[in-house]
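For reference, the structure discussed in these notes is given below.
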Amino acid sequence: MDSGSIRRKFLEFFEKKGHTIVPSAPLVLKNDPTLLFTNSGMVQFKDYFLGNATPKSTRIADTQKCLRVSGKHNDLEEVGIDTYHHTMFEMLGNWSFGDYFKKEAIAWAWELLTEEYKLPKDRLYVTVFEGDAKENLPFDQDAYNFWKEHIAEDRILRGNKKDNFWEMGEMGPCGPCSEIHVDLRSEEEVKKIPGKDVVNMSHPQVIEIWNNVFMEFNRKADGSLEKLPAQHVDTGMGFERLCMAIQKKTSNYDTDVFTPLLDFIGQAAGIKYKAEEKTDIAMRVIADHVRAVSFAIADGQLPSNTGAGYVIRRILRRAVRYGFTFLNFKEPFIYKLVPVLGNQLRDVFPELESQKDYVGKVIFEEEASFLRTLEKGLKRMEGLSSISGEQAFELYDTYGFPLDLTSLIARERGFTVDEEGFKVEMEKQKSRSKAAAAKETGDWVLIGEDVKSEFIGYDFLESEIKIIKYRKVKQKNKEQFQLVFDRTPFYAESGGQVGDTGYIESANEKIYILDTKKENELIVHSADKLPENLTSSFNAIVDKHKRQLSMDNHSATHLLHAALRSVLGKHVEQKGSLVNDKVLRFDFSHFAAMTPAEIQKVEDIVNVKIREDIHLDEKRNVPIDQAKALGAMALFGEKYGDFVRVITFDPKFSVELCGGTHVKSTGNIGLFKIVSESSVAAGVRRIEAITAENAEQFVRTEIALLDEVRALLKNPKDLVASLKSLSEEKHALEKKIEAFNQEKANQLKDELARKALKSNGYSLILEKVSVPSADALKNVAYALRNQFDDLLLILAADVDSKPQVAVMIGEKLASTNAYHAGNMVKELAKEIDGGGGGQPFFATAGGKNLNGLDAVIEKARKLIQ
Ligand code: ATP
Ligand code: MG
């Protein structure tokens, strides 16, 4: 059975059991402060388990793109070394939200594996939770009893809390789980050691394929558990591992999920997969990492220096590094795999296929730049004969060199690296960043009933509200409170638009709302204190001015997007945006810098649309397919529900899926002005623009500046001509001064030549002089050197009111080594509080004390006696 059929069968099976099939959520998360990436199937359903949202169906199944490279789940170091952990993998899952529980989940899992996929029953093992006395948690007897109906009891193993008790995080839903393991070893090996002795022992062919979690409890901040009001099922099966078991392979990389990629890599490297362990690992690393990196970029996450972007950058660098060291890839290569991968998964995850040029380009640039860095790092290591912990850490931190690469290169060159010292530096950095990020979050405290909160801020900027719940958060020793209201006019930051600020007020107190953010679907308001009377009603008031300016910028962003597509072409797609009360920033895919003419054209179109005063057409709760039919573009990496909001400013011009707040009609925006166009990454440009009073202020400032310049120039008729002639005049004057100085220097030279004193073996010139520039002093000295080959010249000079000393020794005199100009200057410069040096025949020194020039002459006289 090929991998495509295996995936399809899973979904069809659960569809027949009454499940609704949903698409995978994006890999990259937007509204979850606790996670950077989706790391399991349940992430997109968190709100259902937390009770913040209601599922559209109580039974759901899907395949979810997952990434396990940071935080609680981090498999990165294993990937490529072993054969069954990936960075990105697909997790097949079925869910019950307060619907079926252990009995059905267990029966269906067994039916699917043994009857549909026909996995041999005598190679399967299951685990159930053994209980934990300390936590007051019982043995999972129910799961045991249900399994007993399908599988021999000696194949039901007991697992401890670490393996068989699942928790969402430090707080939140949790419960016992039951894993299914498969033994893929040869008959002989099975005879030698029975499978049940190898389960959960990290054997590469006796592995966990499926985990069924039974969510029964909620863990509170103090660590205690309470029973959830409804019980849920959350399962996750590793798709690539399942393919390995069904296709009777012993490595995920031998399945058709990976063979097309490995074939391509092998051909490019001219090395066969399975030729040698070292090159095999490198090939697996690349085949795996290209998947993670490509899908993350397709879902909107560019490689960068911070956060999720940095994680992606590190994965790509790890792949480049393995290719560079073991497969001899010295030029960008990984980007070439993008079309292979896109084509392979086009039916399941079309987001890659349709953006393959863009994704390939981003990867190419990243690879090229890291390969340059690698070279620089290699240079940095040249000439070293050992590497200290600090140097290894610098290579890691500044050049992105992992320690093993540094060690490898060092070994090749016959020296060692202080690995212990490196670890010490690493720990130091870790504790620095930990201290910065440490955040303590308290439990939600309920006030009255936990109703679902409603956002009313599209229609109202003021409203009477009640607080439903609150909690305390502490970060960097600052204490804040997060409040949730029964309904709220405050817009929570999302879609690039900042959260609202304002205040809530009751008869006797006023609490400022400092920010509003989303936590998944929950709207959370930050305040620096709690009201004394939490149960009273409050009037919630949004800062209207700030909101209006944000709306101006947000609507202008839509007009800008449409204008860019009409001027530059339909390849322009939004790649990011930021909208606040001061500025709008819009990132979009486009491969070249915009010309000034293009920028002006875009600006003109937007301003025309503003003057047309187009009325906002806002449609809420439109079925997603209908919205797309209206011409609204869904963005990759954005998670949309089945019903969406559509914002239209002229159906022929701008139709977008958007949850932001917008102006009633475009005339409100007033004026639109682009202030910059730049590059953010390969293939991504950024425009920053301003609107309304910010744009007016900008124009006003620019005009005031012009006025000031005009006044300085005595209000000429033609400002540009006047500035031009001023600059020409200056240029001409400079030339004149130069000629004048040259002449003066010549005169000085002649005068000094006349004063030269012939005495025992040299022509001595020892004088205090005044010259316009250091260059002139130097020229005079060299001119005299040409004239006297036994010259001993010592000048104490006033150079444009700064003291300098110059010593020049003629060619013949210099060859006797009787005098050393550098040493003499050093000594003489003390008299002018300065220092300097130079060559044995010519040296100069500057100083601070102009009054010391006479003393220089005195001292020089003594020196040459
Ligand atoms: P393991 O102990 O093998 O790392 P896990 O306990 O971390 O697995 P779960 O969190 O229960 O796994 O995830 C559910 C399923 O997802 C696993 O049974 C496995 O099939 C699959 N899985 C987990 N991590 C990975 C990974 N890094 N690559 C591929 N598949 C994975
Ligand atoms: Mg794991």
Side-chain angles (χ1 to χ4, degrees), residues 3 6-7 10 24 27 35 37-43 45-46 61-95 105 109 112-113 117 119 124-129 143 157 159-169 173-184 198-215 233-247 249 251-255 257-258 284-285 287-289 291-292 295 311 315 318:
S3 57
I6 293 172
R7 186 190 294 107
F10 179 89
S24 172
L27 264 188
L35 264 184
F37 301 102
T38 298
N39 62 8
S40 62
M42 60 75 60
V43 171
F45 306 120
K46 248 169 136 175
D62 70 357
T63 179
Q64 171 67 50
K65 292 177 280 188
C66 295
L67 199 56
R68 292 199 167 179
V69 287
S70 56
K72 176 179 153 201
H73 287 294
N74 188 348
D75 294 335
L76 186 60
E77 289 312 316
E78 266 69 62
V79 175
I81 315 271
D82 80 14
T83 50
Y84 59 105
H85 278 98
H86 301 295
T87 52
M88 187 191 107
F89 63 99
E90 284 181 58
M91 197 185 277
L92 302 166
N94 57 293
W95 281 270
L112 177 62
L113 292 181
Y117 290 138
L119 290 181
L124 294 173
Y125 293 87
V126 300
T127 62
V128 296
F129 179 46
L157 313 172
N160 59 20
K161 185 161 164 281
K162 184 179 140 284
D163 284 326
N164 282 72
F165 195 82
W166 183 92
E167 312 210 27
M168 185 139 103
C174 55
C177 62
S178 188
E179 304 160 344
I180 303 169
H181 295 255
V182 60
D183 184 353
L184 301 168
V198 203
V199 164
N200 264 334
M201 303 296 268
S202 300
H203 190 294
Q205 281 140 36
V206 184
I207 56 160
E208 174 191 333
I209 52 170
W210 201 348
N211 196 358
N212 279 246
V213 179
F214 308 119
M215 274 186 225
V233 173
D234 153 21
T235 89
M237 173 149 64
F239 170 65
E240 300 76 9
R241 293 185 189 180
L242 177 66
C243 290
M244 154 160 76
I246 295 173
Q247 295 178 0
K249 308 286 186 193
S251 153
N252 286 3
Y253 294 91
D254 293 341
T255 66
V257 179
F258 287 96
R284 291 200 290 263
V285 164
D288 174 275
H289 291 8
R291 291 167 31 106
F295 277 98
V311 175
I315 299 175
R318 189 171 185 260

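Counting starts at 1 for both ligands and their atoms, in listed order.
The N/O atoms of H86, backbone and side chain alike, include one that comes under 3.5 Å of an N/O atom in ligand 1. Any N or O atom pair closer than 3.5 Å counts here, and I209 shares at least one such pair with ligand 1. Residue G238 places at least one N or O, backbone or side chain, under 3.5 Å from an N or O of ligand 1.
Between the choices M91, R68, M42, K162, the shortest heavy-atom distance to atom 12 (O) of ligand 1 belongs to R68. For atom 27 (N) of ligand 1, the nearest non-hydrogen atom from the set D288, N211, D75 comes from D75.
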Applying salt bridge (charged side-chain N to carboxylate O under 4.0 Å, His left out), run through R291 and E240 and close with a yes or a no. CA-CA 13 Å; R291 291 167 31 106; E240 300 76 9; 3.1 Å; yes

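N164 and T127 are linked by a side-chain donor-acceptor pair at a separation below 3.5 angstrom, with hydrogens and angles left out of the test. In the model, W210 has a side-chain atom that pairs as donor or acceptor with a side-chain atom of T235 under 3.5 Å. Between the side chains of S178 and N212, no donor-acceptor pair is found at a separation under 3.5 Å. Residues E90 and T63 bring a donor and an acceptor atom of their side chains to less than 3.5 Å of each other.
Residues satisfying the ring-ring contact (aromatic ring centres under 6.0 Å, His included) test with F214, not counting sequence neighbours, are F101. By the ring-ring contact (aromatic ring centres under 6.0 Å, His included) test, F258 pairs with H86, Y253, sequence neighbours left out.
Looking at R241 against ligand 1, only its side chain comes within 4.0 Å, counting heavy atoms. The part of W210 lying near ligand 1 is the backbone, judged by heavy-atom distances below 4.0 Å. Contacts of E208 with ligand 1, taken as heavy-atom pairs under 4.0 Å, involve both backbone and side chain.
Set against the non-hydrogen atoms of Y84, the atoms of ligand 1 under 4.0 Å away are 28 (N), 29 (C).
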